[in-house]
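Heads up, the thing below is written out as structure tokens.
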2 protein chains.
Amino acid sequence: MAVTIKDVAKKANVAPSTVSRVIADNPSISDKTKRKVRKVMKELGYHLNANARNLVTKKTKTIGIVLKHSARYSLHNPFFQEVMRGIGSHCREEGYSLSITTGDSETAIYEDVIQMVEGRQVDGLIILYSRKGDKMIRYLLEKNFPFVVVGHPGQDYTGVTYVDNDNQKAAKDLTEFLLFLGHKHIAFFGGVLEYDVVSDRLKGYKEALNTHGIKFSPDYVKPLPYSRKEAMIAIDELFALPDSPTAFLALDIDYAIILSGVLTKRNMRIPEDASIVCFNNYEVADYTTPSLTTMDIHTYELGAEAARYVIELIINPQAIEKNVLIPTRIIERESHRPIKQEKPAEDVLMH
Amino acid sequence: MAVTIKDVAKKANVAPSTVSRVIADNPSISDKTKRKVRKVMKELGYHLNANARNLVTKKTKTIGIVLKHSARYSLHNPFFQEVMRGIGSHCREEGYSLSITTGDSETAIYEDVIQMVEGRQVDGLIILYSRKGDKMIRYLLEKNFPFVVVGHPGQDYTGVTYVDNDNQKAAKDLTEFLLFLGHKHIAFFGGVLEYDVVSDRLKGYKEALNTHGIKFSPDYVKPLPYSRKEAMIAIDELFALPDSPTAFLALDIDYAIILSGVLTKRNMRIPEDASIVCFNNYEVADYTTPSLTTMDIHTYELGAEAARYVIELIINPQAIEKNVLIPTRIIERESHRPIKQEKPAEDVLMH
DNA sequence: CTGAAAGCGCTAACAG
DNA sequence: CTGTTAGCGCTTTCAG
């Protein structure tokens, strides 16, 4: 019922193979026949049947996107749509379609992947949010199937190409940014230490303190899940310290929003009384008052590069693995400020 | 090189068709042969080739998701991942895969769709964010291709099934909620009137005022794009009114965040001096201070139902179109409060 | 430069 | 209950 290559061939008085060739724009076909065939294709409303082609070429021109833990946890913020935009944009340029996993448990996701790979539904895979010691990675590696992970695959594998930020350096930069503003008591706020992103950032934070002769104290480190309640407890603890923090390094914009509200409630002014900076430069950073100084991790580029490298791997499976680090950049807005003088004025007033 | 049905057949001493039948779990195959064949499949590591099957069955068991304008505009908030979760979850239950468009312009998206449909890459389509007078909808309707739109397809089509909220009612409810708290001057804040969602909500707002004998005044209606700057201007205008608003109906959580910050900056306390309620109940509503009272539009269900109805249409293309309205619900948090007494105390103080 | 023929891996009658 | 036979729509040698 749908119009096939044969129908076109018949009407154009050529062989099916010829039609196939003009689809592929094979140079050994004369311009004349090409024009003729194309005309007929248009008249008949011909469209290539992807399945038939895939079956014979053993390629699908689609790449799969693996969402770990189904967006439920990891995807609090616009990260997901940003990477997708990046991936989508590059894939489209290269003529690739996108297929995405629906599984919402570790096992379900694993099954999805097996199905995609073994069922020959994708040529390559982009994995968002990988954890260490993942059997899926091992499987793909053994199969020698093209894939790249966005984020850090952990040290326990070789041969996997990934694209990520240099989280340690980013955190170091951001900490130094505060240090240069004169802050000496900087809280590391939010994030779950089990994730590599977070522990890497903590390393960077320590490194910065270290480099600048500030003693690291675990009291200023407050990892926590997304939760205003837990955040409030952490903030209380922080302000119970002999030297309460004058600046906060928030692991994500949502933590910064919590911070900003809670501190204001405590009658602190931001940035006059405390600076807040955070990771992830999403649009809401512009909407808060004060607007938030952020570390842009270039999520879009993360996606685009990932796409670029899977496609490279698809074309040349022997390509050596690459570790791509997308640079980060501080976006200064209103939530930071040099530290106040050590209250000399206040001292005067107090006596 | 990959193991096929024939390899299995040979090793199991049966015909390929038998293997095919056990894959389909055809009841007319004896349990004995089923077991035998399955054993061999496992031994050989057999996996079904999706393309081959799709080619003959003319089904793909995958549904396409059409993102209008590539997430760039419409997707400021977690809407996207929430619908996706809903869609994904239902599709997985029914054994469908997901494919998503990558186009980032009207034409590119249209091409993606044509390719998916004509190339037989999907059995059905879910369209997120439809605009009126869309040629894509017309095309699908003509083709009689199964699809459902999430949102409002506009009045200009019949025969399209869509799943949406009753935006007018939701807005009416939310306005009445404020009205019942005693608020008489309620601002309608944010949103772009060109979108049906927004104009429907405006209707609901008007209706509520009307029903409760409050005169509608366009001065309290401030549609605007996402932008703190424009929001500030609108807020200035609102407070220049003889009766400045005591409550704000924000079209989205991001507008509420802007409002909350800017009002606080103007030395207003929320909710003591002004109530804020908004549409969309995403997690950040819990993170702001005060936390935000929201209208939950049940994004996840929107997606899940959409998935359910495309699949229904795929199975029975003659199924009558349905217009599914997902109910909405107010989630009370801290950002609202009954209106203050008409400052009698203050009057006393003032004289 | 073009055609004929085989076959990708699977399903679906039709026999038996 | 199982095997035989076509054939889905396309690409790809191999001839010519």
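Computation of the quantities below employed the complete heavy-atom set of this structure, encompassing side-chain atoms and omitting hydrogens, waters and symmetry-equivalent molecules. Quick caveat: nothing in here was measured; it's all calculated off a predicted structure. Just so we're on the same page: letters track the sequence lines, and every chain starts at 1.
The distance from atom CZ of A:R21 to atom P of C:dG3 is 9 Å, rounded to the nearest whole Å. What separates CG of A:N49 from C1' of D:dG9 is a distance of 6 Å, to the nearest Å. Put simply, CG on B:N54 is 12 Å from P on C:dA12, counting in whole angstrom units. Atom NZ in B:K6 sits roughly 13 Å away from atom P in D:dT5 (whole-Å rounding). A straight line from CZ of B:R120 to P of C:dC10 spans 22 Å, rounded to a whole angstrom. At whole-Å resolution of the value, CG in A:L48 and P in D:dC8 are 16 Å apart. In this entry the distance linking NZ of A:K61 with C1' of D:dC10 reads 17 Å, nearest Å. Going from atom CD1 of B:I5 over to atom P of C:dG7 covers 18 Å, rounded to whole Å.
Donor-acceptor pairing under 3.5 Å, judged by distance alone, is absent between the side chain of A:R53 and the base of D:dT12.
A tilted orientation is assigned to the rings of B:H152 and B:Y162, their planes being inclined by 30° to 60°.
In this structure, B:K322 fails the cation-pi test against B:Y309, since its NZ or CZ atom is not both closer than 6.0 Å to the six-membered ring centre and inside 45 degrees of the ring normal.
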Evaluation steps, side-chain contact (heavy atoms from CB on, under 4.5 Å), between A:F80 and A:L67: CA-CA 9 Å; A:F80 183 55; A:L67 306 181; 3.2 Å; yes
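Mapping B:I29 and B:L55 onto DNA chain D by nearest heavy atom places B:I29 at the nucleotide closer to the 5' end. Positionally, the nearest nucleotide of DNA chain D for B:S28 lies more toward the 5' end than for the other of B:S28 and B:A52.
A heavy-atom distance below 4.0 Å to DNA chain C is reached by none of the residues of residues 36-47 of chain A.
Using a 4.0 Å heavy-atom cutoff across all strands shown, B:S17 reaches at least one base atom of the nucleic acid. Within 4.0 Å (heavy atoms only), B:N13 reaches sugar-phosphate atoms of the nucleic acid but no base atom. B:T4 comes within contact range of the sugar-phosphate backbone alone, with a heavy-atom separation under 4.0 Å but no base atom that close. When heavy atoms are screened at a 4.0 angstrom cut-off, B:V14 is found touching the sugar-phosphate backbone but no base atom.
OP1 and OP2 of D:dT11 both lie 4.0 Å or more from every side-chain N or O belonging to A:K58. Distances shown here put a side-chain N or O of B:T18 below 4.0 Å from the OP1 or OP2 atom of D:dG3.
The closest donor-acceptor contact from the side chain of B:T57 to the backbone of B:R53 lies under 3.5 Å. Looking only at distances, a side-chain donor or acceptor of B:D112 sits under 3.5 Å from a matching main-chain atom of B:T102.
When A:I5, A:I23, A:V8 are each tested for a side chain to side chain contact (heavy atoms under 4.5 Å, CB included) with A:V37, only one passes: A:V8.
Around NZ of B:K36, the count of heavy atoms belonging to other residues, nucleotides or ligands within 6.0 Å exceeds 12.
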